[in-house]
Amino acid sequence: MSIKQRLAKLNPRQQEAVRFIDGPCLVLAGAGSGKTSVITTKIAYLVQECGMSARKIAAVTFTNKAAREMKERVGQLLQGREGHGLTVSTFHTLGLNIIRGELKTLGYKPGFSLFDPEDAKALLRDLMQKDAQIDADQISRVQSQISTWKNDLVLPGDALSHAADDDEQFAARVYEAYNRHLKAYNAVDFDDLILLPVVLLRDDPEVLARWRRKIHYMLVDEYQDTNVSQYLLVKLLMAERATFTVVGDDDQSIYAWRGARPENLVTLGEDFPRLNVIKLEQNYRSTGTILRAANTLIANNPHVYEKALWSELGPGESIRVVVNRHEEAEADRVASEILTRRIKERAEWRDFAVLYRGNFQARLLELKLQHYQIPYKLSGGTSFFSRNEIKDAMAYLRLLINPADDNAFLRIVNVPRREIGPGTLEKLANYANDQATGRGISLFAACHEIGLEQVLPARAVDRLGRFTHFIDGVRRRMDSGDAIAAIRDMLREMDYEAWLHQNASAPTVAERRMANVWTLIDQLEKSMERNAEDSATEDSDSLETETDGVEAAISRLVLRDILEQQAEEDDSDRVQLLTMHASKGLEFPHVYLMGLEEDLLPHRNAVEAGTVEEERRLAYVGITRARRTLTLTLARQRKAYGELLDCTPSRFLDELPPDDLDWEGRADKEDPEKKQARGKDAIAGLRSLLG
DNA sequence: CATGCCCCATTTTTT
DNA sequence: ATGGGGCATG
């Protein structure tokens, strides 16, 4: 199909969004309004109609999944080599590529490590333990504070001088030490993937010019989720030329607690007065009733840009509200209803989704689904990467490509057992950090030094020597030929499987863990192959081209770029259990929203923190997932913190159009005092909003 | 392999 | 309070 035919299939607003290319463009895309079509068609339009080279275009998303889907859809629109060199990636991968391209300027060495949040936490623990007795909670708080600073483009020096209280002073000092150590380890963390490029582009005109030459047009998905650093990255790259399209929906901003700045939508209009704002309000997903509910609910939030979704799909069924005696009845009700509705509607299991506020709510539901033998898929859960065997394997990979990665070194120097104990390691660390020797060197490097014999017994030196010799040998093999084969041989040679068997409760457990490790290596190999193909067909000019295989592939592994796809490929027919957060971007014919109670949705903490508006958006996201039917459930009583609590129906229920709701199980009269109390609450909330 | 004990978290977590 | 997962032990 030609691009003209594609365009003809879009509605007038969508067409305008695609055709407008001479300046800054903001597409306010309501839920289900076909924003992905707009982005993908626009990329094809830029290439086919405007003659722009695909390698000058970068489309940026937040998740690997979104990037993959977009890539695939663009691939269907573009023919042959038209799409070569096109960048469709997450913010983090784009940042990673910029860093890889500017290593020298940034002062990093090839093979630098990418610390995931767990690695970062381990480092913080080390740094903070020196000070005092520190609990895990404190470490987490400092970690999130540092992350917030990095997201807000606050560097350690600024943090130190602006710290408001003792806690922040402390965190700022840790921040400074943390960054210093990352640098010494030749490592960056996730937030650095955005922060470092931004600082570099801001401060180095040459680098900025280079990247502006590489990227002529940017498209940003889920723009309302960008944080300060991410917005600056876009702004720096696009600058006066202002050739970009950002797509977002302020009503679907549910990640402010993680640094997202929905106000970037407003900032954009201020920074780019010529901004062309295009609203997509026609919804192709839900019935009129569902949309009216969503519109009515979200009208309770303040808006910079008013937006009203409409649909041609007809009114559809009423929204059912089911009040249950207690949480168990609620779970049972949802499960049994899915069972009957599947027959009645001739639906499949995959047509149903159950959405809730917190993961713990899934427990009871799981039991009930099992009881009725309903197949289900639970989102979340322990990730592949938090498995110990995967962390071990990743540590080996990291140490192989980055000998300065002390974290990786410490994790695996004695795994499997090499009789290298804490005493040896402490002395080694002292030696490596010894200022008297004139420099701080990495643990791995220290193992090679003659001077070690002064501080460690010969036996210990020997064991360390064997380990480093082993690793060095693998490195040489990797450099001189088949890197993946070298890695596989390494795992076999040190008999990692035997170690797993020693530590597993059952042989089957160990076998499963070893299989996980092989899966990891297989994925690494695939990733490298894919990359090699890309590189062979593309100019060296392209952003995504990486010729230095293993290093890049391992970074992508840390960014979860691969691996999860197999989970997705598992498209078996099952009911989906999701948090409302996890449901964003998805849609289902039949949606159940559980726990519509005060303290749960909106969550108590959110009410206390004064962020009810975000909770309302969360409910809005949940509602707009539904195509045909929507069922809201709640319980009158619920066990929490070991107590049986009476629940109050969520204020959001009062904010839905009463005529569209079909109540079931509501007591004839609600306790009038409670209702009044809730009314007052709402008024108070409104006041605080206005004041 | 089964049992029992201890500790954990009860708000969301794209990378 | 409570349930569940991880881990050690028999």
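All chains are named by letter (A, B, ...) in the order of the sequence lines, taking the proteins before the strands, and each is independently numbered beginning at 1.
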What is the distance from [atom1] of [X] to [atom2] of [N], rounded to the nearest Å?
X      : N      : atom1 : atom2 : answer
A/R556 : B/dT15 : CZ    : C1'   : 15 Å
A/N359 : B/dC8  : CG    : C1'   : 15 Å
A/R638 : C/dA1  : CZ    : P     : 20 Å
A/F360 : C/dG3  : CZ    : P     : 15 Å
A/D599 : B/dT10 : CG    : P     : 17 Å
A/N64  : B/dT15 : CG    : P     : 5 Å
A/R363 : C/dA1  : CZ    : C1'   : 13 Å
A/Y356 : B/dT13 : OH    : P     : 9 Å

Which residue lies toward the 5' end of DNA chain C, A/L367 or A/E643, if each is placed at its nearest nucleotide?
A/E643
The answer to which of A/K639 and A/N388 contacts DNA chain C further toward the 5' end, by nearest nucleotide, is A/K639
Using the aromatic ring of A/H603 (for Trp, its six-membered ring), decide whether it stacks on the base of B/dT11 within the limits of 5.5 Å and 30°.
yes
Any base atoms under 4.0 Å from A/Y255, or only sugar-phosphate, or nothing? Heavy atoms, all strands.
base
Contact class for A/D116 (heavy atom, under 4.0 Å): base, sugar-phosphate, or nothing?
nothing
Electrostatic pair A/R363:A/E366 at N-O distance under 4.0 angstrom:
no
Taking NZ, NE, NH1 and NH2 as the nitrogens, is one of them in A/R398 or A/D119 under 4.0 Å from a carboxylate oxygen of the other?
yes
Which whole number of Å gives the distance between the P atom of B/dT11 and that of B/dT15?
23 Å
Counting just side-chain N and O atoms, does A/T579 come under 4.0 Å of either OP1 or OP2 of B/dT11?
no
Parallel, tilted or perpendicular, judged at 30° and 60°: which one describes the rings of A/F91 and A/F62?
tilted
Could you report the tightest heavy-atom contact between A/V154 and A/Y175, atom names first, then the distance?
O-OH, 2.8 Å
Check: A/S144 main-chain N/O paired with A/T148 side-chain donor or acceptor under 3.5 Å:
yes
